[in-house]
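As the structure is a computational prediction, the values presented were derived from the model and not from experiment.
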Amino acid sequence: MTAGIVELTQQQFRAFITDKLDGRGPCRVQEDLAFAALAGTSVVPNARLFLAALDGNGAGLTQLQPAAGGRAALFRATLAQYNLAYLDRFNMPEVFAPQISLILYLIGQFCTDWREAGALMRSVTIPTKELTEPKYPELPIAAFEARVLRYLCWFGLMEKARPAANDDWQQPRLYRKTPLYDRMLRFVGLG
């Protein structure tokens with residue numbers, strides 16, 4: 001990293017863009033973290049209760065298959081296998097999932113202090129037409145918060161600062177990575 005710029009070779013860039021978070025690409029999800037390390041997140045304890053309720057019976061139309069390690073499968077499925085655009089009404093194609101491994105790597109590099117969502121998005125995403133020439137200027141930032149930052153907060157990898165009660169409610173939210181971020185995500189093959 002040089003003066004806030006991360007230099008990647010073409011091979012490294014391609015590896016990030018094609019990574020499906022399946023353990024074969026540069027982003028590795030630490031799947032053997034103790035439950036105590038994850039207990040402070042909002043998603044993991046509730047997912048554990050949900051899966052325990054389904055244990056043995058399955059769900060009506062789905063079959064649960066445990067992943068290797070069993071704990072980080074929900075993270076991988078959420079960010080790399082599910083189209084999060086289905087959950088919002090932004091009328092914007094999903095542009096973050098195809099580059100999620102690169103986004104995760106760059107957040108790890110740049111987000112050690114508080115960052116406004118728009119500035120963070122511009123620092124960690126590939127500037128596609130949907131992000132640089134949107135119909136509504138705030139749409140990409142709102143989509144980035146809804147499709148990436150929200151889930152990273154839920155999984156305990158990012159934290160969000162809320163404006164004080166007397167602050168303007170339109171003040172942008174600030175985000176930074178948590179200590180769990182570097183414990184849960186590793187990046188290999190970049191040296």
Indicate yes or no: at least one non-hydrogen side-chain atom of [X] is less than 4.5 angstrom from one of [Y].
X: Phe96; Y: Leu84; value: no
X: Gln30; Y: Arg183; value: no
X: Met158; Y: Cys111; value: yes
X: Val124; Y: Leu102; value: no
X: Leu8; Y: Tyr105; value: yes
X: Ile17; Y: Pro98; value: no

Minimum heavy-atom distance [X]-[Y], with the two atoms named:
X: Ala80; Y: Leu21; value: CB-CD1, 3.9 Å
X: Gln12; Y: Glu7; value: OE1-O, 4.1 Å
X: Thr128; Y: Gln99; value: CG2-NE2, 4.4 Å

Could you check whether any side-chain N or O of [X] sits under 3.5 Å from a backbone N or O of [Y], counting only pairs where one atom can act as donor and the other as acceptor?
X: Asp19; Y: Ser101; value: no
X: Arg115; Y: Thr112; value: no
X: Lys160; Y: Tyr175; value: no

| task | Verify the distance criterion only: is there a donor paired with an acceptor across the side chains of Glu94 and Tyr86 at less than 3.5 Å? | result | no
| said: Quiz question: by atom type and distance under 3.5 Å, do the side chains of Thr9 and Gln11 form a donor-acceptor pair? | reply: no
| query | Could you walk me through whether Arg150 and Phe144 pass the side chain to side chain contact (heavy atoms under 4.5 Å, CB included) check? | reply | CA-CA 8 Å; Arg150 172 190 347 186; Phe144 183 67; over 6 Å; no
| said: To the closest 0.5 Å, what do you measure between CD (Glu159) and CG (Leu174)? | reply: 10.5 Å
| query | Can Leu120 and Trp114 be said to form a side chain to side chain contact (heavy atoms under 4.5 Å, CB included), step by step? | reply | CA-CA 9 Å; Leu120 181 58; Trp114 293 105; over 6 Å; no
| request: Mind checking salt bridge (charged side-chain N to carboxylate O under 4.0 Å, His left out) for Arg24 and listing every partner two or more places apart, or none if nothing turns up? | output: Asp22
| remark: Which of Val148, Leu149, Leu131, Ile103 passes side-chain contact (heavy atoms from CB on, under 4.5 Å) with Met121? Answer is Leu131
| message | Is it true that, when you exclude Asp113 itself, more than 12 heavy atoms of the residues, nucleotides or ligands shown sit nearer than 6.0 Å to its CG? | response | yes
| query | Can you check side chain to side chain contact (heavy atoms under 4.5 Å, CB included) on Lys135 and Glu130, steps first, answer last? | reply | CA-CA 9 Å; Lys135 183 175 181 180; Glu130 294 85 3; over 6 Å; no
| request: For the pair Phe16 and Leu106, evaluate side chain to side chain contact (heavy atoms under 4.5 Å, CB included) and give the outcome as yes or no after the intermediate values. | output: CA-CA 10 Å; Phe16 277 121; Leu106 293 174; over 6 Å; no
